[in-house]
Amino acid sequence: DPVLLTIGVASSVHFVESWRTGLAEGLDPVAAADRARRRQRAPLLLATGTTMVGLLSMATSRTPAVVDFGIRAAFGIALLHALLFVLLPRWLAVQRPLAIPTAGDAAGRWFHWLITRRTALSAGAVAVSVLAFAGLPRLAADNDPLDLLPPREPCLVAFDELAAHLGGVEVFHVLVPPESPATDLTRLLPFLGGLQTLPGIVGPAGPLLRGADGALAAPVLLAPGGSAEREQLFDGIERAASVLGLDGTAPVGSAVQIARDSQRLLAGLAGSTVLAIVLLGVGICIGLRSVRLGIVGIVPMVVACAWIYGAIAWLEHPVSVATAMIGCTMLGLIVDNALHLLHSYRHARSGLSPARAAVASLAAVGRPVWVSSFLLIVGFSAAATSRLSSTVEFALLACSTIAVAAFGCLVLLPLLLVAAPDRPGVADAV
C-alpha cells in the first residue's frame, strides 16, 4: 500500500501540472482538466506500462516473496492508472484557479548551466559509472531470515543465547536414499565423522533415523552463520559424497533451502533486471516511435541502478530479498519522469533545434519531475521507520535510487538529447 500510494501521488503531479498550464493559458478549470486528460493520456499510459513491466519482470525470480510483490504491485499500478484518469479530472474541474508561475526562464537558466559544465558533468558521470560497473562482480547474497528482525527482538535474543550455550540451534539432515551405497553404515559413519571437522558444523544433533523404505537421515547441528558460507558448506558435502561414491547422499532441510536461495536471489536479480531493461527499452522505442529516444531514455535509468548496486558491492553489503527487488521496482518507476521529458521533447522537436526543444521540455515537465521525485523520496522514506531491517533497507535504497534517477533525468538526459541530435543539419542554437 505505501508503494502504490507514493507512486500514485507522483503520477498525479504531471497531470496537475498540465492542468495548471491550461489555466495559465486562459482555460477554465473544466476545459483545462479535459485538455490535461488528453495530453497526459499517452505519456501516463506509457509510464504505467513501463512501471508494470519492471514489476512483472520479478515474476522470473525463484524467490516467492519477490514474485508475489511484483505481481500484486503491477496490478495495483494498473488500478491506480484507471482511477487517476477517472477521479482526478473530476476533482480538478471543481477547483479554484490559482496563479501559475512560469517555469520557462528557470528552465533556460538551468539548461545554460548544464551546457557550460557539460564536460565536467559528463566526465564525472562516466567515471562513477565505470567504478560502479567494475564493482558489480563483487555482489554477494545473504538470505538469513533472522537478519530481518530488530537487534533486540526478544525471540532473536533468546535464539542467540541458546545458540551460544549449545554451539548452534539450526539443524540440517544428511539424507541417504535407500538405493545409495551409504546405507551401509560402515561407509556412512566414517563420512559423517569427517563432517564434524568442517567449519560451520558443531556435531551430531541426534540419533540416526531410518525410514520405512530404508532411507537414512543423519541430523547435524549447524554453528551460527550466514547463508553465503553455508551454501559453500552444503555444496562441499555433496561433492565429498560424490567423490566417495555415496551416490544420492545430500544435505536437506530448511537451512539448506535458505542458503541455496541466496544464489538463486543473485541469479534472479540479474535475470529480471536484464529482462526489465530490454522490455523497457523496446516499450519506450515503440511508445515514442523512436529508437534513438528509446535508447537515450533508458541510459540514465540503467546508470542509476548500476550506481546503486555498484555502491552496494563496493560497501560489501550482501544482497537480500529487499535489495533484489530494488532494481526492477525502481527501473519501472524512475523511467516515468524520463518518459514525460522525452514525450515533451519529441513534440517540441518538430519546429525547434535540439537545444531549444530540450529547454521547452524542461519548462513543461521539469518542475513536476523534481516535485514527483521529492514526493517519491518522502513516501518511501516513511517505510524507514519500520522495525524490520528488510523494510528499512528497501526504503533507503529506493530513496537513493530515486535521487540518482532525478539527477539522470534533469542533468544527463538533457545533455544526451543535445549531444546526438536526431536530425543532422539542424542548427543547435541556445
Side-chain angles (χ1 to χ4, degrees), residues 7 10-11 14 40-61 66-67 69-78 80-82 129 132-133 136 267-309 324-350 354 357-358 361 365 369 372 401-402 404-406 408-409 412-417 419-423:
I7 296 174
S11 299
H14 289 278
Q40 292 298 310
R41 184 180 295 118
L44 278 178
L45 180 61
L46 187 56
T48 298
T50 55
T51 303
M52 291 182 65
V53 164
L55 292 169
L56 287 174
S57 64
M58 294 185 193
T60 61
S61 173
V66 176
V67 175
F69 175 85
I71 293 177
R72 291 177 183 270
F75 283 101
I77 293 297
L80 187 154
H81 176 87
S129 299
F133 279 103
L136 294 182
L269 165 64
S272 57
T273 302
V274 171
L275 178 63
I277 291 172
V278 172
L279 293 178
L280 288 174
V282 172
I284 296 173
C285 291
I286 295 174
L288 296 176
R289 296 192 291 276
S290 170
V291 174
R292 172 186 171 274
L293 290 182
I295 295 174
V296 167
I298 202 67
V299 166
M301 307 305 109
V302 173
V303 167
C305 284
W307 287 10
I308 296 301
Y309 279 118
M325 293 192 297
I326 284 294
C328 295
T329 303
M330 293 296 105
L331 265 177
L333 176 59
I334 60 182
V335 78
D336 292 358
N337 281 329
L339 284 170
H340 284 280
L341 187 66
L342 291 171
H343 186 268
S344 177
Y345 173 85
R346 179 174 171 272
H347 283 278
R349 187 70 179 90
S350 58
S361 59
V365 302
V369 164
S372 62
T401 307
I402 293 165
V404 176
C409 187
L412 299 182
L413 190 54
L415 293 178
L416 287 172
L417 289 173
D422 51 341
R423 292 183 182 180

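Side-chain atoms are counted along with the backbone in the values below, which use heavy atoms only and exclude waters and symmetry mates.
- The distance from the OG atom of S361 to the CG atom of L417 is 6.5 Å, given to the nearest 0.5 Å.
- Heavy-atom minimum distance, V365 versus H14: O-CE1, 4.5 Å.
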Intermediate values then yes/no, side chain to side chain contact (heavy atoms under 4.5 Å, CB included), L413 and Y345: CA-CA 11 Å; L413 190 54; Y345 173 85; over 6 Å; no
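- One distance of note links CD of Q40 with NE2 of H343; it measures 8.5 Å at 0.5 Å rounding.
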Candidate pair T401 and W307, rule side chain to side chain contact (heavy atoms under 4.5 Å, CB included), full reasoning: CA-CA 8 Å; T401 307; W307 287 10; over 6 Å; no
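- Residue L416 holds its CG atom at 6.5 Å from CG of L412, rounded to the nearest 0.5 Å.
- Interatomic distance, R292 CZ to L342 CG, rounded to the nearest 0.5 Å: 9.0 Å.
- The two residues A47 and D336 make their nearest non-hydrogen contact at O-OD1, 3.1 Å.
- Looking only at distances, no side-chain donor or acceptor of S344 sits under 3.5 Å from a matching main-chain atom of H340.
- Summarising the geometry of C285 relative to I295, their closest heavy-atom pair is SG-N, 4.4 Å, with the distance given to 0.1 Å.
- Residue N337 comes nearest to S372 through the heavy atom pair OD1-OG, 3.0 Å, listed as atom of the first residue, atom of the second, then distance.
- To the nearest 0.5 Å, atoms NE2 (H81) and CG (L44) are separated by 6.5 Å.
- Rounding to the nearest 0.5 Å places CD1 of I284 at 4.0 Å from CD1 of I298.
- Of all the heavy atoms in C409 and P414, the pair that sits closest is O-CD, 3.2 Å.
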